[in-house]
Each structure stands twice: as C-alpha cells, then as structure tokens.
S.K.: 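Provided herewith is a single structure, encoded as structure tokens, for subsequent inquiry.
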Amino acid sequence: SSEMRAHRLRLEYGVYRFRPGLTGMAQINGRDEISIMKKVKYDKLYCDNWSRNLDLVILMRSFGVTLKQEGYQEGKIHRI
C-alpha cells in the first residue's frame, strides 16, 4: 500500500527522528497534489534544516494554504 511505502521511505530517510506535527512542508507545498516520494523528501528537508524560524514560517503559510484550500483535492488518491 502507499501508506506502507511512505512508512518505509520515512524510515530510510530518517525522518522519524522528529515527531509529526500539525502541519509540515509537504502540506504547504502541494499537499494532495504531490507524490508520496516528494512528501518524504519534504519531511527529510525539514529534519535536516529544522529551526524555530522554519516552524514559524510553516505555521504561518499553513493558515494561508488552508484558507485558500491550495493543494487540496477531496477524495484524491495519492500517487507514489
């Protein structure tokens, strides 16, 4: 399944060193419109570059993305 593949990729990329949060880089950079691989790469990019400022930027951009419903596709089947 795509969830199992995402889990394996996240293990391989070492992104589980951070706990999941409310939002993330994938959610503000395409959300449902990007592949699982790209989401995992965003997770790794976040882990490799974490800072409080980055968290603040992601949180602020999340508000705009949510209000505009950018990257959201109801019933979207995720690509791998």
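Because the structure is a prediction, the values reported are computed rather than measured.
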S.K.: In Å and rounded to the nearest 0.5 Å, what is the CD to NZ distance from Glu12 to Lys44?
M.R.: 10.5 Å

S.K.: Looking only at non-hydrogen atoms, find the nearest pair between Leu9 and Ile36 and report the distance.
M.R.: CD1-CG2, 4.3 Å

S.K.: Tell me, please, which residues at least two apart from Tyr16 pass ring-ring contact (aromatic ring centres under 6.0 Å, His included).
M.R.: His7

S.K.: Strictly below 4.0 Å, N to O, side chains only: are Asp48 and Arg17 in salt-bridge contact?
M.R.: yes

S.K.: Could you check if a side-chain atom of Leu56 sits within less than 4.5 angstrom of a side-chain atom of Met60, using non-hydrogen atoms only?
M.R.: yes

S.K.: How close do Ser62 and Thr23 get, counting heavy atoms only, and between which atoms?
M.R.: OG-OG1, 2.7 Å

S.K.: side-chain contact (heavy atoms from CB on, under 4.5 Å) between Gln27 and Tyr42: does it pass, once the steps are laid out?
M.R.: CA-CA 9 Å; Gln27 287 72 26; Tyr42 276 125; over 6 Å; no

S.K.: Look up atom CG in Leu22 and atom CD1 in Ile58, then write down how far apart they are to the nearest 0.5 Å.
M.R.: 11.5 Å

S.K.: In chain order, what residues pass the side-chain hydrogen bond (donor to acceptor under 3.5 Å, both in side chains) check against Asn53, with sequence neighbours excluded?
M.R.: none

S.K.: Please say whether more than 12 non-hydrogen atoms of neighbouring residues, nucleotides or ligands are located less than 6.0 Å from CZ in Phe63.
M.R.: no

S.K.: Taking all non-hydrogen atoms of both residues into account, name the closest pair between Lys39 and Arg31 and its distance.
M.R.: CE-O, 2.9 Å

S.K.: For Met25, which of Leu45, Asn49, Val57 qualifies under side chain to side chain contact (heavy atoms under 4.5 Å, CB included)?
M.R.: Leu45

S.K.: Can you get from Tyr46 to Leu11 by hopping between Ile, Leu, Val, Met, Phe, Trp and Tyr side chains that sit under 4.5 Å apart?
M.R.: no

S.K.: Which atom names give the shortest non-hydrogen contact between Leu54 and Ser51, and what distance separates them?
M.R.: N-OG, 2.9 Å

